[in-house]
Number of protein chains: 2
Amino acid sequence: MAEKGAGKGAYAEGRPATIKDVAARAEVGIATVSRVFSGGSVSARTRERVRAAAEELDYRPSAVGRSLKTRRTGGIGLIVPDVTDPFYADLMAGVLNCARSLGEHVVVDAAHGDPEREALIADRMMEQRVDGIVAVPAGGNEAWESVLRAGGNVVFADRESPAGIPAAPAVFTDDRAGVRALVEYLVGLGHRRIAFLGAAEAGDSVGVREGAFRETLKQRGVPVNEDLMVAARPERDSAYAAAAGLLQGGANASAVLASGHLLGEAAVLVARELDLRVPADVSIAMVGDVPWAELCDPPLTAVARPGQDVGYRACELLLRDRARRGRGEPVLVPTELLIRGSCGPPRGSRGR
Amino acid sequence: MAEKGAGKGAYAEGRPATIKDVAARAEVGIATVSRVFSGGSVSARTRERVRAAAEELDYRPSAVGRSLKTRRTGGIGLIVPDVTDPFYADLMAGVLNCARSLGEHVVVDAAHGDPEREALIADRMMEQRVDGIVAVPAGGNEAWESVLRAGGNVVFADRESPAGIPAAPAVFTDDRAGVRALVEYLVGLGHRRIAFLGAAEAGDSVGVREGAFRETLKQRGVPVNEDLMVAARPERDSAYAAAAGLLQGGANASAVLASGHLLGEAAVLVARELDLRVPADVSIAMVGDVPWAELCDPPLTAVARPGQDVGYRACELLLRDRARRGRGEPVLVPTELLIRGSCGPPRGSRGR
DNA sequence: CTGAAAGCGCTAACAT
DNA sequence: ATGTTAGCGCTTTCAG
């Protein structure tokens, strides 16, 4: 209600004030106004006059005018599969943090696993002239080739970039180590019939998690039983069906390693519906820690994948270390095995 | 490996091609190039030449050049408290969906409940000349007054805008109805000692949820016991402390209504630690549904707040219905009571 | 310290 | 159907 100064009460006064308006009002040249806002040398007196004029007009220097001149927008793009997935939300938070600390804003979009959509998004971001793009690639490579060819800089996060995309750095969680730790923990507990929930479907290439699983088992001298490798996509339906098939079929797994949080969720749900006790009847663990893992009864053992770190590092790589181009080795951020209560010795094991 | 066309293999070829480059290469005027990309009339032959030239140069029209001319950036801003909170993640997904269908991109940032940060973010978005802002306000009002004065358009989501901000539409979930439904359900079950977890702290104004709680109890002739109104902020520490105080103190609640998902989480955790059985010893319900609610044992009864819808509607309001300005009544999107297994009759009750 | 002027990439008259 | 030109709001020489 109380007016703070002359002419301050008016809402929606036409279009935004420009540098000219401010210059006119302060009775100076536009260059002077520019200097005041982008830090040139201006006498204190003049500076004050300009500030006052600007305030009265609610002037904000137009980033689009500036960007046109400077060829930098001060913004980056972020493309994730799904903003509601807790891991990608974390990743996003990491990018946001880093971007803020470097003075950049970020335009976000979700590709939902669709390479075409990803291409559209990336293209648009390029039109927007973002200073760079952090992307969890969806699998298409045309988009990225074109982006790189046009001089865009991108760093991939969380997933391998499609084949044939050089010159783009990448940062991943060290899932190989994570799965390895988990498998060794399970084997150490006495398990020999460990199911892997989330194996590659026919035709897909085997992921690092499955690879690490097989590899570790082999190393420990535990035979890999193909009946226990159950294929599933990381979506609720697919996960649930796979978990149900596994747990109620005759596979007789003593432990299940869910290769993602959606798979873990499915395993927990199915186990409960089948009245299997965890970990007495079956042990369950998953890769990807989520808030509800602690809320389960018993709390779920999981491999934590630090999404924030991934996002932060990716953004940093994009913006700070732009110098050393060429991808080099991907950055691996460490995972952590969080032992909670959902794994125990297998059913028939002899004590301790 | 295989080259797709002449001159297509080069990466990072200096700076992005401009309209001039394309015009020169296609041997036409720049206006013609513009027409090809923004839809003017161009002969098929010329159009093709231009397209070809553009493709060879990996040309993408610069949105910043365009924006300068058209005074529209085709982007909106979204400010949420925290992108990792499932509700705000949903809201964000809603905004993203709507924005895409309307051809806008969205720049996102998180204010983390800090009005100063919110002001910085909003200011920056204004500098960016976004076409509008969807915001979950943090509580500061100076930022918004200035934004509105400068001609920005904003719609608030999920939370009441600070006092004194007129002319901005708003969309909320109908928490009043949600809490009412929940309280009536609990009372119908026979509860008379229902705790409210998440009451306003001394000095804060009472929120709608608490208001609805008190109101409904009163209407049903159940006395409101101030010992059962336990203050807590929606953060893990505060929530946990409050839940612990409530459940292990002598308050003797037969049911607890947690006013947010973090509060609900705390209640579940504390109940388990205290070996209280749910719902036999104590019923638990919360406002705000989250994925883990179904994973709990027993699954948690909750009031679902459709974040996606809120986001979508807010964005729609901002972009489509820009015509009818002035806020009018806030849009209320309906909540839904999801009855699961965590509530039952109070301990001493005489059966159904 | 300050102002005038050129130009960033694009669109929209206006001419042809 | 196509080319020319004048800005959009800003930064940045270059003079003064």
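In what follows, chains are A, B, ... by sequence order, proteins preceding strands, each numbered from 1.
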Colleague: Mind checking if A:Gly65 touches a base, just sugar-phosphate, or nothing, with heavy atoms under 4.0 Å?
Modeller: base
Colleague: How do B:Thr70 and A:Thr70 order along DNA chain D: which one's closest nucleotide is nearer the 5' end?
Modeller: B:Thr70
Colleague: Could B:Arg124 and B:Glu127 be called an ion pair, given the rule that one side-chain N must be under 4.0 Å from one carboxylate O?
Modeller: no
Colleague: Of all of residues 33-53 of chain B, which get a heavy atom below 4.0 angstrom from DNA chain C, listed by number?
Modeller: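 Within this stretch, B:Ser34, B:Arg35, B:Ser38 sit under 4.0 Å of the strand.
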Colleague: Which value, rounded to the nearest 0.5 Å, describes the distance between B:Leu91 atom CG and B:Arg313 atom CZ?
Modeller: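 Going from CG on B:Leu91 over to CZ on B:Arg313, the span is 13.0 Å.
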Colleague: Partners of B:Tyr59 by ring pair (Phe, Tyr, Trp, His ring centres under 6.0 Å), sequence neighbours excluded?
Modeller: B:Phe37
Colleague: Using five pairs at each end of the helix from C:dC1-D:dG16 to C:dT16-D:dA1 to define an axis, what is the angle between those two axes, to 10°?
Modeller: 40°
Colleague: Can you give me the first and the last nucleotide of DNA chain C (5' to 3') that has an atom within less than 4.0 angstrom of a non-hydrogen atom in chain A?
Modeller: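 In short, chain A contacts DNA chain C from C:dC1 to C:dG9.
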Colleague: Can you list everything that forms a side-chain contact (heavy atoms from CB on, under 4.5 Å) with A:Thr84? Sequence neighbours excluded, please.
Modeller: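 By the side-chain contact (heavy atoms from CB on, under 4.5 Å) rule, A:Thr84 matches A:Asp82, B:Ala89, B:Asp90, B:Ala93.
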Colleague: CD1 of A:Ile19 versus C1' of D:dT11: gap in Å, rounded?
Modeller: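 Answer to the nearest Å: 8 Å.
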Colleague: Specify the separation, in whole Å, of atom CZ of A:Arg66 and atom P of D:dC8.
Modeller: 19 Å
Colleague: Would you check if the side chain of B:Arg159 reaches a backbone N or O of B:Val136 as a donor-acceptor pair within less than 3.5 Å?
Modeller: no
Colleague: So does A:Arg45 pair up with A:Glu48, basic N to acidic O under 4.0 Å?
Modeller: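 Not counted as a salt bridge, because no side-chain N and carboxylate O are separated by less than 4.0 Å.
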Colleague: Given atom CD1 of A:Ile30 and atom P of D:dG7, what is their separation to the nearest angstrom?
Modeller: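 In whole Å, D:dG7 P and A:Ile30 CD1 are 14 Å from each other.
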Colleague: Output the distance between atom CG (B:Asp309) and atom CD (B:Glu316), rounded to the nearest 0.5 Å.
Modeller: 10.5 Å
Colleague: May I have the distance from A:Lys20 (atom NZ) to D:dC8 (atom C1'), rounded to whole angstrom?
Modeller: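 It is 9 Å, rounded to the nearest whole Å.
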Colleague: Measuring to OP1 and OP2 of D:dC8, would you say a side-chain N or O of B:Arg71 lies under 4.0 angstrom away?
Modeller: no
Colleague: What is the separation between atom CZ on A:Arg72 and atom C1' on D:dG9, rounded to the nearest whole Å?
Modeller: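 For the pair A:Arg72 CZ and D:dG9 C1', the rounded distance is 19 Å.
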Colleague: Output the rounded distance in Å from CG (B:Leu68) to C1' (D:dC8).
Modeller: 4 Å
Colleague: At what distance, to the nearest 0.5 angstrom, does CD of A:Gln128 lie from OG1 of A:Thr73?
Modeller: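 It comes to 8.5 Å.
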Colleague: Taking the side chain as every heavy atom from C-beta outward, state whether A:Arg47 and A:Arg35 have any atom pair closer than 4.5 Å.
Modeller: no
Colleague: For the side chain of A:Ser67 and the backbone of A:Ala63, is there at least one donor-acceptor N/O pair under 3.5 Å apart?
Modeller: yes
Colleague: Which residues pass the side-chain contact (heavy atoms from CB on, under 4.5 Å) test with B:Leu319, not counting sequence neighbours?
Modeller: B:Ile76, B:Leu102, B:Glu104, B:Cys315, B:Arg322
